[in-house]
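Working notes for the structure below.
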Amino acid sequence: MSAARVRFAPSPTGFLHVGSARTALFNWIYARSVGGRMLLRIEDTDEARNQPEAVDLIYDLLTWLGIDWDEAPLLQSQRRERHREAVESLLECGAAYLCDADNQPVAGTTLRAGLAARFRMPAGRKVSFHDAVRGEVSFASDDLEDFVVWRSGGAATFLLANAVDDVDMGVSHAIRGEDLLSGAPKVILLLEALGAPPPVYAHLPLLVNAARKKLSKRRDDVSLGDYRARGYLPEAMANHLALLGWGPTDGVEIRPMAEIIQQFRLADVNRAPAFFDTKKLEHFNGVYIRALSTEEYLRRSEPWLGEAAPWPAERTRPEVLEALAPVVQEKVRTLGDIGRYVDWLFLEEPPADDDSWRKAMGGPQAPAVLDDAIATYAAADWTPEAAHAAALALAERHDLKLGKAQAPIRVALTGRTVGPPLFESMVLLDRAEVLRRLRNARARLDSEPAG
RNA sequence: GCCCCCAUCGUCCAGCGGCCUAGGACACCGCCCUUUCAAGGCGGAAACACGGGUUCGAAUCCCGUUGGGGGUACCA
């Protein structure tokens with residue numbers, strides 16, 4: 001065990017940024033790797049945009065990711081008096097001073113409405129500290145200005161609240177984004193004036209977009225909740241996030257969190273920004289989905305196949321989903337993709353996809369293949385094997401490879417060139433329905449040739 | 001502008017003075033497998049930003065240049 005205490009301090013804005021999630025994860029991994037404690041502090045001092053549901057969403061998403069915490073979360077909104085005390089003590093010892101709306105100093109040491117308080121930046125100081133990921137970092141106090149610690153509206157600013165709360169929570173390591181690095185010397189000086197030792201800082205490299213800019217809520221796809229909604233598995237997301245700014249020495253990237261915790265060292269964290277590459281995330285997700293047992297896969301895909309499915313819920317046939325599960329599970333990269341693979345089995349008509357139609361029906365042999373398929377499947381046994389054998393024979397009659405011959409049939413039935421294995425899935429539809437779709441496609445070919 | 005941080009394949013990591021003719025993963029390309037698409041197998045292309053030092057020896061240490069990022073609010 002160690003006395004390490006770390007904290008994740010999000011503000012409840014209604015969503016959780018993947019960058020914040022990564023910060024939370026690194027804090028948690030560090031805590032678990034050294035036997036320390038993980039704490040939460042909800043920075044809900046901005047009443048304007050605070051919603052109580054937003055706090056629950058944070059708990060929910062962290063839990064989803066696999067992050068737990070060891071003590072009741074601290075709500076910063078309830079700490080106003082404590083913050084006021086701290087500012088007053090700063091005013092009393094002269095480390096801070098009052099000022100009016102025009103930033104003119106005002107004599108006195110009593111906080112009152114309409115007046116803000118600024119920290120008095122000492123002259124000629126060199127503020128150095130050892131950052132656990134960056135090493136020695138140093139700032140000159142002369143480059144720093146007198147910053148506001150108490151707003152005229154009657155509330156502490158981020159810097160002050162952060163410093164005081166960390167002290168009161170006994171935070172030993174402040175692990176956070178690099179965007180806060182420039183604020184560190186101010187907090188250190190603040191803490192010094194307050195007579196408290198600073199925590200060990202660890203500034204993580206930022207997560208950036210393709211343009212190498214800090215991920216932004218407006219431009220980028222950064223809502224953790226959105227990824228969950230699209231069918232990313234939490235273990236894939238956590239695994240991927242853990243590899244942004246850190247990597248195991250043995251090169252094994254996809255692995256249980258327990259092993260990551262075992263190998264993680266704060267000092268091994270990179271210092272350069274990392275691109276949040278969703279391509280790699282998708283790959284990870286596919287690997288994790290394939291690793292699921294079929295039962296587990298079925299259970300976890302349920303949320304995407306009920307009311308949220310791309311077909312009327314009452315048309316869902318669970319036995320079909322179940323029968324197809326193993327083959328769909330192999331292909332899909334997110335649970336949200338499942339719908340597009342199996343929708344044609346539940347929709348009244350195959351989904352319309354012009355590209356697929358042109359691709360499969362454009363060839364000169366399409367009409368003949370469809371005619372043949374109609375005759376063939378009117379008679380064939382209704383099993384995958386028989387459907388396969390029939391298609392092989394059909395292909396031979398038209399002097400085509402099976403891959404080429406099945407294309408018009410696939411598109412006639414499923415609407416798309418891409419989908420689950422055809423013979424295994426087509427027999428899950430009634431023979432009459434298969435024939436109807438084949439005839440419809442054949443008729444469409446006459447009325448509007450695809451070539 | 002000023003302050004701070006950073007710099008290995010397109011991307012994410014490994015590398016912490018000799019094991020590096022720089023390794024893995026994603027993406028990409030080719031081949032194989034194949035009932036589409038995936039998955040899988042095999043192979044390929046692909047990087048130490050540049051310039052000076054230090055050292056017998058540098059991707060690894062130091063300095064500079066260039067480039068990138070972050071900060072600079074009575075936001076957090």
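Labels below follow one simple rule: chain letters A, B, ... track the order of the sequence lines, proteins then strands, and each chain is numbered from 1.
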Exercise for the section: Only counting residues at least two apart or in another chain, list the ones meeting side chain to side chain contact (heavy atoms under 4.5 Å, CB included) with A:I188. Expected result: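 So A:I188 forms a side chain to side chain contact (heavy atoms under 4.5 Å, CB included) with A:V127, A:F129, A:P198, A:Y201.
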Handout entry: For A:A24, all residues meeting side chain to side chain contact (heavy atoms under 4.5 Å, CB included), sequence neighbours excluded
Key =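 Applying side chain to side chain contact (heavy atoms under 4.5 Å, CB included) to A:A24 gives A:F8, A:L62, A:I67.
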Exercise for the section: Record whether the side chain of A:K331 comes under 3.5 Å of the base of B:rA39 through a donor-acceptor pair of N or O atoms. Expected result: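 For A:K331, whose side chain was compared with the base of B:rA39, there is no donor-acceptor pair (under 3.5 Å).
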Practice task
Mark yes or no for a side-chain to base donor-acceptor pair under 3.5 Å between A:K279 and B:rC26, with no hydrogen or angle criteria applied.
Solution key: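 Not at all, since no donor on one side and acceptor on the other fall under 3.5 Å apart.
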For the [atom1] atoms, the ones on [N] and on [M], what distance do you get once it is rounded to whole angstrom?
N      : M      : atom1 : result
B:rC9  : B:rC26 : C1'   : 12 Å
B:rU11 : B:rC48 : P     : 12 Å
B:rG23 : B:rA46 : C1'   : 14 Å
B:rC2  : B:rC13 : P     : 31 Å
B:rU72 : B:rG15 : P     : 33 Å
B:rG1  : B:rC56 : P     : 42 Å

Exercise for the section: Only counting residues at least two apart or in another chain, list the ones meeting ring pair (Phe, Tyr, Trp, His ring centres under 6.0 Å) with A:W69. Expected result: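 With sequence neighbours excluded, A:W69 shows a ring pair (Phe, Tyr, Trp, His ring centres under 6.0 Å) to A:Y59, given in chain and number order.
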Exercise for the section: Assess the side chains of A:H398 and A:Q365: does a donor N or O sit below 3.5 Å from an acceptor N or O? Expected result: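 No, A:Q365 and A:H398 have no side-chain donor paired with an acceptor closer than 3.5 Å.
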Taking any strand in view, what nucleotide pairs with [N] in a Watson-Crick or G-U wobble way, both distances under 3.5 Å?
N      : value
B:rC26 : B:rG10
B:rC50 : B:rG64
B:rG40 : B:rC32

Check nucleotides 63-65 of chain B for protein N or O atoms closer than 3.5 Å to its own N or O atoms and list the pairs.
none

Exercise for the section: Please work out if A:A391 contacts a base, only the sugar-phosphate, or nothing of the nucleic acid, heavy-atom cut-off 4.0 Å. Expected result: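 It contacts nothing in the nucleic acid.
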Practice task
May I ask you to say what A:L180 touches in the nucleic acid, namely base, sugar-phosphate or nothing, with a heavy-atom cut-off under 4.0 Å?
Solution key: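 A:L180: base contact, heavy atoms under 4.0 Å.
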Quick one: is [X] getting a side-chain N or O under 4.0 Å of the [N] phosphate, OP1 or OP2?
X      : N      : result
A:K214 : B:rG71 : yes
A:K213 : B:rG69 : yes
A:R212 : B:rC12 : yes

Exercise for the section: Classify every nucleotide of nucleotides 40-48 of chain B by which part a protein heavy atom approaches to under 4.0 Å, writing B for the base, S for the sugar-phosphate alone and - for neither, in 5'-to-3' order. Expected result: S--------
Handout entry: Heavy-atom protein contacts under 4.0 Å, nucleotides 4-9 of chain B, coded B base, S sugar-phosphate only, - none
Key = SSSS--
Handout entry: Options B:rU36, B:rG69, B:rU72, nucleotide nearest the side-chain atoms of A:E145
Key =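 Within the option list, the nearest is B:rU72.
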Practice task
Report the nucleotide, chosen from B:rC26, B:rC74, B:rU36, that has the shortest atom-to-atom distance to any side-chain atom of A:K280.
Solution key: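 Ranking B:rC26, B:rC74, B:rU36 by closest atom to the A:K280 side chain puts B:rC26 first.
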Expected output is a numbered-order residue list: members of [range] with a heavy atom under 4.0 Å from any atom of RNA chain B. What is it?
range                       : value
residues 257-268 of chain A : A:D268
residues 115-124 of chain A : A:A116, A:R118
residues 17-24 of chain A   : none
residues 413-422 of chain A : A:T417, A:V418, A:G419, A:P420, A:P421, A:L422

Salt-bridge test for [X] and [Y]: reply yes if a basic N is under 4.0 Å from a carboxylate O, no otherwise.
X      : Y      : value
A:R416 : A:D343 : yes
A:R118 : A:E145 : no
A:K186 : A:E192 : no

Handout entry: Inter- and intrachain pairs under salt bridge (Lys or Arg N to Asp or Glu O under 4.0 Å), touching residues 254-263 of chain A, at least two apart
Key =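 Only A:D250-A:R255, A:R255-A:E259 qualify under salt bridge (Lys or Arg N to Asp or Glu O under 4.0 Å).
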Exercise for the section: Establish, yes or no, whether the cationic atom of A:R230 lies under 6.0 Å from the six-membered ring centre of A:Y232 and within 45° of the ring axis. Expected result: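 Cation-pi check for A:R230 and A:Y232: fails.
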Exercise for the section: Find which nucleotide of RNA chain B each of A:G114 and A:P205 is nearest to by heavy atoms, and output the residue with the more 5' nucleotide. Expected result: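 Looking at RNA chain B, the more 5' nearest nucleotide goes with A:P205.
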Handout entry: A:R151 vs A:F284, nearer the 5' end of RNA chain B by closest nucleotide
Key =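 By nearest-heavy-atom nucleotide position, the 5'-most residue is A:F284.
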Problem - Pairs satisfying ring-ring contact (aromatic ring centres under 6.0 Å, His included), at least one member in residues 238-265 of chain A, at least two apart - result: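 For residues 238-265 of chain A, and leaving out neighbouring residues, the ring-ring contact (aromatic ring centres under 6.0 Å, His included) pairs sorted by first residue read A:F26-A:F264, A:H240-A:F276, A:H240-A:F284, A:W246-A:F264.
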